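See below for the structure under consideration.
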Amino acid sequence: MFQGTIPGPMRSIVRETAGGWPRGPVYVPCCGNFTIERSVAGMGFALHSSDVSIYTSAVGRWLTRQPVGIQLREESRDELGWLADSLDDGVGTVATLMLGTRFLASVGREGLWHERVVRSYREQWKVKHAETVERLSGSDVELASYEVEDVRSWLQKVPRDAPVCSFPPFYGGGYEKLYEPLEAHFTWDAPEYEPLSDDDVVSVLGAITDRPYWLTASNHDVPELHPYLRGVIKATPRAAPFYVYASQARTRIVAPRQPIEPVKVPRLREGDELVGPLTLSLLKPSQFNALRSRYLNPKIAPGAANLAVAVKDGGGRILGVFAMAPSTFTPDEAYVLSDFAVAPTDYPRLSKLIVLVATSAEAQLLCQRAFSRRIRRVATTAFSNNPVSMKYRGLLRLHKRSPSNEDGWKFQLQYQGAMGQHTLAEALEMWAKRWGAPMTKTGV
């Protein structure tokens, strides 16, 4: 119901740790999306929370039966007047802000995608709003108090012997940027405060940890708190790790685990001749995981694929794999999450054949069936220490080159290309003529 980026295991650790605290008041500064409050709900604590964001304050005031105090701005009434009847200074306003975090960023922006997002929410607004109100009304979170106040001043009022649990921002501008669209279209009695400086962060940490019972967490490693490190959480391979610090707690490590199922189909090997015709076989996620772990560069973080396909030759041997997902922003585009060839073989440029197959008419049909939409193009990202990817060169168009945001690589290369311009048979013929020569081995 409440939006948030805190992984599920973090909530379990919070609840486990809080089980050893004395029953009574617990103070939660920077409460954000009320993850902590939801984690300890029903444990007998009187929860006192504070924050400064428009979204959190709307929810906090509603949970403590205060007027929400948020109205639509006059300058936004022409575009968003259809929201006015949903603003009731209570649960209806909270539901409006929750839904607003999903579409308000598209209001007033040019582009078919943004226009479709806003139109979709407007046409379905009454149903979506009623469903959100119903879910909110069933919440079991109870607060003893909520205050709109900066963490620095609020912590000074917290009793020194009371437990404090908080996930404070360790970098500036996070929530401010997240809730910019809400602030742009709604007005409220926003507090005045200065963003946390590095010295402020140290001061806040000191106020949180200077007591018998406390817990905090961050997606940044905090050297000052190393003696109190109680857990490291990495929920998925691509997720940033969370570091958990506490005065007293069990030590926990949470690491991603992917299901793997052996693929017993033979693969092309050294000494084997590649023969046609090519065929495609759908893979289960666990089978894709197994092949990806065996052949894909281990420095590339895996992602979840909507469609995973094995490429086979005329002998039924696996030549490689490609995996697709629907593009987030371009309706007629498929994003290639992975494409790799088996190894070792006698064909040094076998990976180019996999790219050709992934852009074939047969692959296009599989994507359209899986994604329930027309697919005309593909896009992918390559990480390389070279300014171009030799695998995609000559097959896809280099759209953008930028510094890599992944460790171990110099460049992040964005490629695009058409899909469905050739068949599997034509792909094999093209590859055989240009790149299909096997290596010549010289005996000693």
Side-chain angles (χ1 to χ4, degrees), residues 236-239 256-270 272 274-328 333-345 347 349-375 377-383 389 391-392 395-396 415 417 419-420 422-428 431:
T236 67
R238 288 182 174 270
R257 177 183 176 274
Q258 60 178 2
I260 290 179
E261 179 181 336
V263 180
K264 299 180 180 179
V265 179
R267 298 104 191 257
L268 190 73
R269 301 186 183 277
E270 286 182 304
D272 292 343
L274 193 158
V275 296
L278 301 180
T279 57
L280 303 179
S281 296
L282 297 180
L283 294 170
K284 294 188 290 185
S286 55
Q287 293 174 324
F288 169 63
N289 291 339
L291 292 169
R292 177 180 59 192
S293 299
R294 172 66 179 84
Y295 297 110
L296 191 64
N297 190 319
K299 292 194 293 184
I300 299 176
N306 296 64
L307 175 70
V309 183
V311 182
K312 297 180 181 178
D313 76 345
R317 296 165 298 197
I318 293 178
L319 307 178
V321 172
F322 63 88
M324 303 280 204
S327 174
T328 304
E333 187 176 80
Y335 187 79
V336 184
L337 287 168
S338 298
D339 61 280
F340 54 88
V342 300
T345 71
Y347 300 92
R349 296 186 177 179
L350 183 59
S351 60
K352 282 187 172 289
L353 177 59
I354 307 305
V355 177
L356 282 166
V357 171
T359 56
S360 67
E362 289 85 345
Q364 180 186 38
L365 181 60
L366 289 178
C367 286
Q368 291 178 158
R369 288 175 175 173
F371 308 153
S372 299
R373 64 174 71 170
R374 285 287 183 192
I375 300 296
R377 298 187 299 169
V378 296
T380 192
T381 304
F383 294 93
S389 167
K391 177 170 65 172
Y392 298 124
L395 300 177
L396 300 178
Y415 282 89
M419 195 176 197
H422 55 263
T423 65
L424 288 178
E426 291 167 342
L428 179 58
W431 174 80

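The model shown is predicted, which means the values in this text are computed figures rather than measured ones.
With sequence neighbours excluded, the residues that form a ring-ring contact (aromatic ring centres under 6.0 Å, His included) with Y392 are Y415. Taking the ring-ring contact (aromatic ring centres under 6.0 Å, His included) definition, one finds that Y347 meets it with W431, sequence neighbours left out. Looking at residues two or more places apart in sequence or on another chain, you find no ring-ring contact (aromatic ring centres under 6.0 Å, His included) involving Y335. For R267, the side chain to side chain donor-acceptor pair (under 3.5 Å) test picks out Y295, with sequence neighbours left out. Legend: residues meeting side chain to side chain donor-acceptor pair (under 3.5 Å) with S281, ordered by chain and number and at least two apart, are K312. Among residues two or more places apart in sequence or in another chain, the salt bridge (charged side-chain N to carboxylate O under 4.0 Å, His left out) test is passed with E333 by R377.
L353 and L428 get closest at one heavy-atom pair: CD1-CA, 4.1 Å. Contact record, I260 with S293: CD1-OG, 4.2 Å, taken as the closest heavy-atom pair. Here the closest heavy-atom approach between residue S338 and residue L296 is recorded as OG-CD2, 4.1 Å. The shortest non-hydrogen separation linking M419 to M324 is CE-CE, 3.8 Å. Of all non-hydrogen atoms in G316 and V265, the two that sit nearest each other are O-CG1, 3.3 Å. Taking all atoms of both residues into account, the shortest heavy-atom contact from T380 to V336 is OG1-O, 2.9 Å.
Within the 4.5 Å cutoff, the side chain of D313 has no heavy atoms near those of the D272 side chain. Residues V321 and V309 are not in side-chain contact: their nearest non-hydrogen atoms beyond the backbone lie 4.5 Å or more apart. Within the 4.5 Å cutoff, the side chain of P326 has heavy atoms near those of the N306 side chain.
The NE2 atom of H422 sits 3.5 Å away from the OG1 atom of T359 when rounded to the nearest 0.5 Å. Put simply, CG on L356 and CZ on F322 are 11.5 Å apart, with the number rounded to the nearest 0.5 Å. Separation of atoms CG (L278) and OG (S360) is listed at 9.0 Å; rounding is to 0.5 Å. I354 CD1 to D339 CG: the interatomic distance, rounded to the nearest 0.5 Å, is 8.0 Å. From I375, atom CD1 reaches atom CD of Q364 across 8.0 Å, with rounding to the nearest 0.5 Å. Between the OG1 atom in T345 and the CG atom in L350 there is a gap of 5.0 Å [rounded to 0.5 Å].
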Self-check item: L282 vs L366, side-chain contact (heavy atoms from CB on, under 4.5 Å): CA-CA, chis, key distance, verdict
Solution: CA-CA 9 Å; L282 297 180; L366 289 178; 4.3 Å; yes

Practice problem: Please step through side-chain contact (heavy atoms from CB on, under 4.5 Å) for the pair R317 and V275, ending with a clear verdict. | Solution: CA-CA 10 Å; R317 296 165 298 197; V275 296; 4.0 Å; yes

